[in-house]
Q: 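My questions all concern the structure below.
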Amino acid sequence: MDTPVRGAVEQDLDRTLAAAAAAASAWARRTPAERADALTAVADALDAAAGSLVPVAVAESGLPEGRLTGEVTRTTVQLRMFADLLRDGSYLRIRFDHEDPDFALGHRPDLRRVLLPIGPVLVFAASNFPFAFSVAGGDTASALAAGCPVVLKAHPGHPETSLRTAEVVRDALRSAGAPDGTFALITGIEDGRHALEDPRIKAAAFTGSVAGGRALFDVAAARPNPIPFFGELGSINPVVVTEEAERERGADIARGFTSSFTLGAGQFCTKPGILLVPAGSGLPARIAELAAEVPAARMLTTKIADGYRARLDEVAALDGVEVLVRGAEQRTESGVPAFAPALVHAGSASTLLDGALLEETFGPTAVIAEYASDEELRQVLAAIDGSLTATVQTSGDPGPAERDRLLPIVELVADRAGRVVFDQWPTGVAVTAAQQHGGPYPATTAPSHTSVGTAAIDRFLRPVTFQNAPDSLLPPLLQAANPLGVPRSGEGAG
């Protein structure tokens, strides 16, 4: 039986969801330009509040001020990019096929296709980006841009940051004329699950662990009316180094890999977790020396630290595994532990085929394995589950022999990753129209979509075709006069 406190909480959640449902039609009817103005207002407000928000995020997350200040900038840039996309209008992908009595397959009716908002969206904020993947992050920005109200489930790792950011977002939207209920924040695991089960929620987005994301994905799929669940879960992000690459650029590769897997205490979803090098390579020793020099860094939360410690113990106990560097654990004033990097050598690449090391470890550690042939390399890559990224380190200017060996490798990794990186490192995620931040499961639950870049808006739109509709009953986007001036394809035909 529910306690009175739980009953009150459920009433608050019901009011939040009711407000989002009530706002859905009004927010969807706003013109793209009006929604663009609202997103710009949110961006301006966040820029103005950065000086007060960043210190709170520093205290809660342990992340450095410079990193978080840059993250606020990324957040506001994302909002403005979606505003520009709305003003352009091409994201609607409007297509006309006019009536044609002489069509090859018989009389064709007048057909007008457009993308419309899917409805209220539930967003689960991430732990590792208190701004860019949190309250006002890419999921929120893309859903609001699509015309969908957002119910944001805050991450417990930065509660005060989330609350204050939500106040900024809510006030800015209200000042810009958005209907009440366009944005709201909720907290707690139970409220998140209940919201996901509620029929008023029409889609959900999540960034976090495989276990947590899969549990929520199953809830979304088990509803009487299943909904799209866009989850970013776990990614091993393999790196392949060719013989020519080691010979020509070995020192640079060692430095780049060390910097990449230790950046931010290894708490990035695109952190490279597996390095595959030619047999007899000197890279493991080089990287071990560099990793041993990297100081300890605080983990985001005690829960993440506990999981990382347990995973290191599990890996160290595996047969055939050599721990090259086992970074020390340090106490911090916050009570959340800090860890220096760890580096594991798995020996032959074929030992990875049992799968014990082919799981993401969220923290500053990586696994190195050596391949003796291209066939062994291909077998290992084929055993790796879907990833957000895969990296190929080449000589920089591949000759015929290197190129011929790499072509099947590139085809193989492109089948398993949403982004294939050459001679760079994957931890940076550029926020652009061409970005793909997704991949086959378990990297995401929806590999045909991205959670970064302007294409992220597609997740929260659904296509609708109007057939033989009177002009006066069409949405303004499809009316003959094109009162909103949006790009439309095929309207001159017929």
Q: Under 4.5 Å between any side-chain heavy atoms of Pro32 and Tyr91, yes or no?
A: yes
Q: Side chains of Leu324 and Pro284, heavy atoms from C-beta outward: is any pair under 4.5 Å?
A: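 Yes, side chains in contact.
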Q: Would you please indicate if the ring centroids of Tyr308 and Phe339 are separated by under 6.0 Å?
A: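 Judged by ring-centre distance (under 6.0 Å), Tyr308 and Phe339 do meet the cut-off.
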Q: Can you list every pair that meets side-chain hydrogen bond (donor to acceptor under 3.5 Å, both in side chains) and has a residue in residues 139-148, with sequence neighbours left out?
A: Asp139-Arg459, Ser142-Arg459
Q: Which pairs with one or both residues in residues 283-301 pass side-chain hydrogen bond (donor to acceptor under 3.5 Å, both in side chains), sequence neighbours excluded?
A: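 Non-adjacent pairs meeting side-chain hydrogen bond (donor to acceptor under 3.5 Å, both in side chains): Arg298-Ser334.
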Q: Using the ring-ring contact (aromatic ring centres under 6.0 Å, His included) rule, pick out the option among Phe460, Phe217, Phe206, Phe124 that qualifies with Phe230.
A: Phe460
Q: Quick test of your reading of the model: are Glu71 and Arg74 salt-bridged, counting only N-O distances below 4.0 Å?
A: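 No.
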Q: Can you see whether Asn237 engages Thr270 through a side-chain donor-acceptor pair at a distance of less than 3.5 angstrom?
A: no
Q: Assess whether atom CD of Glu65 is packed by more than 12 heavy atoms of other residues, nucleotides or ligands within 6.0 Å.
A: no
Q: Are Arg311 and Asp306 within salt-bridge range, i.e. N to O under 4.0 Å?
A: no
Q: Could you please spell out the steps behind the side chain to side chain contact (heavy atoms under 4.5 Å, CB included) verdict for Leu352 and Val367?
A: CA-CA 10 Å; Leu352 300 176; Val367 176; 4.3 Å; yes
Q: Do other residues, nucleotides or ligands put more than 12 heavy atoms under 6.0 Å from the CG atom of Asp313?
A: yes
Q: Could you note down all residue pairs passing side-chain hydrogen bond (donor to acceptor under 3.5 Å, both in side chains) where residues 208-221 supplies at least one of them, sequence neighbours left out?
A: Arg214-Asp218, Arg214-Tyr441
Q: Heavy-atom distance under 4.5 Å between the side chains of Ile186 and Leu122, does that happen here?
A: yes
Q: Can you tell me if Thr389 and Arg419 form a side-chain donor-acceptor pair at under 3.5 Å?
A: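 Thr389 vs Arg419: no donor-acceptor pair found between side chains.
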Q: Within the 4.5 Å heavy-atom criterion, are Val323 and Val315 side-chain neighbours or not?
A: no
Q: Are any of the side-chain heavy atoms of Val58 and Val54 separated by less than 4.5 Å?
A: yes
Q: So that I can tick it off, tell me whether Arg223 and Glu197 are bridged by a salt bridge, with the cut-off set at under 4.0 angstrom between side-chain N and carboxylate O.
A: no
Q: Hey, are Ser281 and Glu246 close enough side-chain-wise for a donor-acceptor pair under 3.5 Å?
A: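 On atom types as modelled, these side chains qualify, holding a pair under 3.5 Å.
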Q: Could you list the residues that satisfy ring-ring contact (aromatic ring centres under 6.0 Å, His included) with Phe183, not counting sequence neighbours?
A: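 In terms of ring-ring contact (aromatic ring centres under 6.0 Å, His included), with neighbours along the sequence ignored, Phe183 is linked to no residue.
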Q: If you count every heavy atom of other residues, nucleotides or ligands that lies below 6.0 Å from Glu375 atom CD, does the total exceed 12?
A: yes
Q: Please work out which of the three classes, parallel, tilted or perpendicular, describes the rings of His158 and His155, given edges at 30° and 60°.
A: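 The rings of His155 and His158 lie parallel, inter-plane angle below 30°.
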Q: Tell me the salt bridge (Lys or Arg N to Asp or Glu O under 4.0 Å) pairs involving residues 255-269, sequence neighbours left out?
A: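 Applying salt bridge (Lys or Arg N to Asp or Glu O under 4.0 Å) to every pair that reaches into residues 255-269, excluding sequence neighbours, yields Asp252-Arg255.
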Q: Checking Thr242 against Glu402: is there a side-chain donor and acceptor pair closer than 3.5 Å?
A: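 Note: Glu402 and Thr242 side chains meet the donor-acceptor criterion.
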Q: Less than 4.0 Å between a side-chain N and a carboxylate O, is that true for Asp397 and Arg403?
A: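 No, Arg403 and Asp397 are not salt-bridged.
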Q: Do Thr444 and Glu232 pair up side chain to side chain, a donor and an acceptor below 3.5 Å, judged on atom types alone?
A: no
Q: For Asp385, what residues pass the salt bridge (Lys or Arg N to Asp or Glu O under 4.0 Å) criterion, not counting sequence neighbours?
A: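 With sequence neighbours excluded, Asp385 shows a salt bridge (Lys or Arg N to Asp or Glu O under 4.0 Å) to no residue whatsoever.
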Q: Any side-chain heavy-atom pair from Phe82 and Leu144 closer than 4.5 angstrom?
A: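 Sidechains of Leu144 and Phe82: no contact.
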